[in-house]
Amino acid sequence: MGNVLIAGDLHGNTGHALNVVQAAVRNDCSRVFVVGDFGAWEHMPSGKRYFDVVDKAARKAGVPVYFLDGNHDKSSLLHEMYDEQRDDEGFLRCRRNVRYAPRGHRWTWEGTTFAAFGGARSTDKGWRLAREARTREQDLRRRRYGSARVRASAGTLWFPEEEMTDDELAELLCADASPVDIVLTHDKPRASNPKFNRKDRPECFPNQDRIQEVVETLRPGVLFHGHLHYRYTELIACGGAGWTRVEGLASDPESAAHPSYSIEQSWFVLSLPHTTAEVAEPAAG
Ligand SMILES: [Fe+2]
Ligand SMILES: [Fe+2]
């Protein structure tokens, strides 16, 4: 048992994934939990290799790696491949030491209750769809000249399941609306207001609103998220007199954009047990 290293987006970056596992060992953590954009791309051979490498590193370190889905994870394939392979805590066993927390999943570690809600809107959706279309066109042209090579294109760069739907969220909250200590998400709640990469875009608001609804329903003491690739801490109201501390985590170095980035900003050592104490209202000013 012991602490958990909560990590920001990895984007399939093997070198960074290995650094995260080593950081967990250094910080006396017995688990890693990645808050989305993990790099779940098993529709490609390189994606399968990535899972294998992370699994091996996690096994050698004795630190299993858990993750929820970001907008850049093919979660439909995770369900297709691993829905029937659940561990005792209900995680999907992708590998012995690599496990997926599906949307709405709840569990308890060291007396601390957790819930995970993956998904987000890709702001580069148009670019990704255009790349997929270009691959399709290239293959059609090649076939006209006799090539038998046809590559999969749809669902390789942009995943239609990337954000929660309203119905999906309503069903999850209807199934269990009881409070938890910690919420793990990929997207930020609408009310948090980081100074960088806030994704203040109308197409991003619906999913941010859904995460806000999760906060106001489950009223966690702390919410960890990724997606913005930026480290910040902020208190937001979670209904009644309660407050939730939001911890946004930075990403792997290749996807980092903020000039003050350092690798330590991409993880947070969560000491367990961490049960929700009343968080004081922030002072005005
Ligand atoms: Fe993301
Ligand atoms: Fe990301």
Side-chain angles (χ1 to χ4, degrees), residues 5-17 19-20 32-41 43-44 46-47 50-51 54 65-78 100-103 116-129 131-132 155-165 168-169 183-190 192 194-212 214 223-232 246-259 261-268:
L5 191 97
I6 314 281
D9 307 15
L10 301 186
H11 303 116
N13 183 331
T14 306
H16 184 62
N19 283 335
V20 165
V32 167
F33 195 107
V34 182
V35 288
D37 284 1
F38 175 70
W41 303 319
H43 54 298
M44 303 188 299
S46 59
Y50 170 69
F51 267 51
V54 175
V65 174
Y66 297 77
F67 68 98
L68 54 81
D69 54 291
N71 49 311
H72 297 319
D73 292 308
K74 195 170 171 66
S75 62
S76 56
L77 187 59
L78 293 169
Y100 167 54
R103 294 174 189 175
F117 288 84
R121 164 81 186 210
S122 293
T123 50
D124 60 355
K125 175 182 171 182
W127 175 86
R128 286 171 180 271
L129 287 172
R131 279 278 302 267
E132 287 183 357
T156 55
L157 287 173
W158 180 77
F159 311 121
E161 68 275 21
E162 68 170 10
E163 56 181 316
M164 277 188 285
T165 63
E168 189 182 356
L169 179 63
V183 165
L184 305 171
T185 64
H186 185 58
D187 207 354
K188 82 173 188 75
R190 179 73 177 273
S192 71
K195 292 185 173 59
F196 180 76
N197 195 20
R198 198 161 45 223
K199 299 192 190 289
D200 266 341
R201 300 163 68 140
E203 69 269 28
C204 298
F205 292 157
N207 202 65
Q208 294 175 7
D209 286 336
R210 291 178 196 115
I211 302 299
Q212 186 69 29
V214 168
L223 177 147
F224 293 92
H225 75 83
H227 192 48
L228 308 185
H229 305 171
Y230 176 60
R231 181 76 184 95
Y232 75 100
V246 177
E247 299 282 1
L249 297 172
S251 64
D252 68 301
E254 274 75 43
S255 309
H258 196 272
Y261 174 85
S262 71
I263 198 168
E264 292 77 20
Q265 294 173 352
S266 71
W267 59 67
F268 186 103

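Keep in mind the model is a prediction, meaning the values are calculated, not measured. As a basis for the values below, the full set of heavy atoms in this structure was taken, side chains included, without hydrogen atoms, waters or symmetry mates. Counting starts at 1 for both ligands and their atoms, in listed order.
- Between His11 and His229, the ring-plane angle classifies as perpendicular under the 30° and 60° cut-offs.
- Taking the Fe ion (ligand 1) as reference, His227 places its N/O/S atom ND1 nearest.
- The Fe ion (ligand 1) has no N, O or S atom of Ser122 under 2.8 Å away, backbone or side chain.
- In this structure, Phe268 has its ring center no closer than 6.0 Å to that of Phe33.
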**OP:** Take Tyr100 and Phe51 through the test ring pair (Phe, Tyr, Trp, His ring centres under 6.0 Å) and record every step on the way to the result.
**Re:** CA-CA 12 Å; Tyr100 167 54; Phe51 267 51; 9.6 Å; no
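- The minimum distance between the Fe ion (ligand 1) and any N, O or S atom of His186 involves atom NE2.
- Between Lys125 and Glu162 there is no salt bridge, since none of the side-chain N atoms of the basic residue sits less than 4.0 Å from a carboxylate O of the acidic one.
- Between NE2 of His11 and OD2 of Asp9, the angle at the Fe ion (ligand 2) works out to 100°, rounded to 10 degrees.
- Rounded to 10 degrees, the NE2-metal-OD2 angle spanning His229 and Asp37 at the Fe ion (ligand 2) equals 170°.
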Subject >> Pair His43-Phe159, ring pair (Phe, Tyr, Trp, His ring centres under 6.0 Å): steps then yes or no >> reply: CA-CA 12 Å; His43 54 298; Phe159 311 121; 5.7 Å; yes
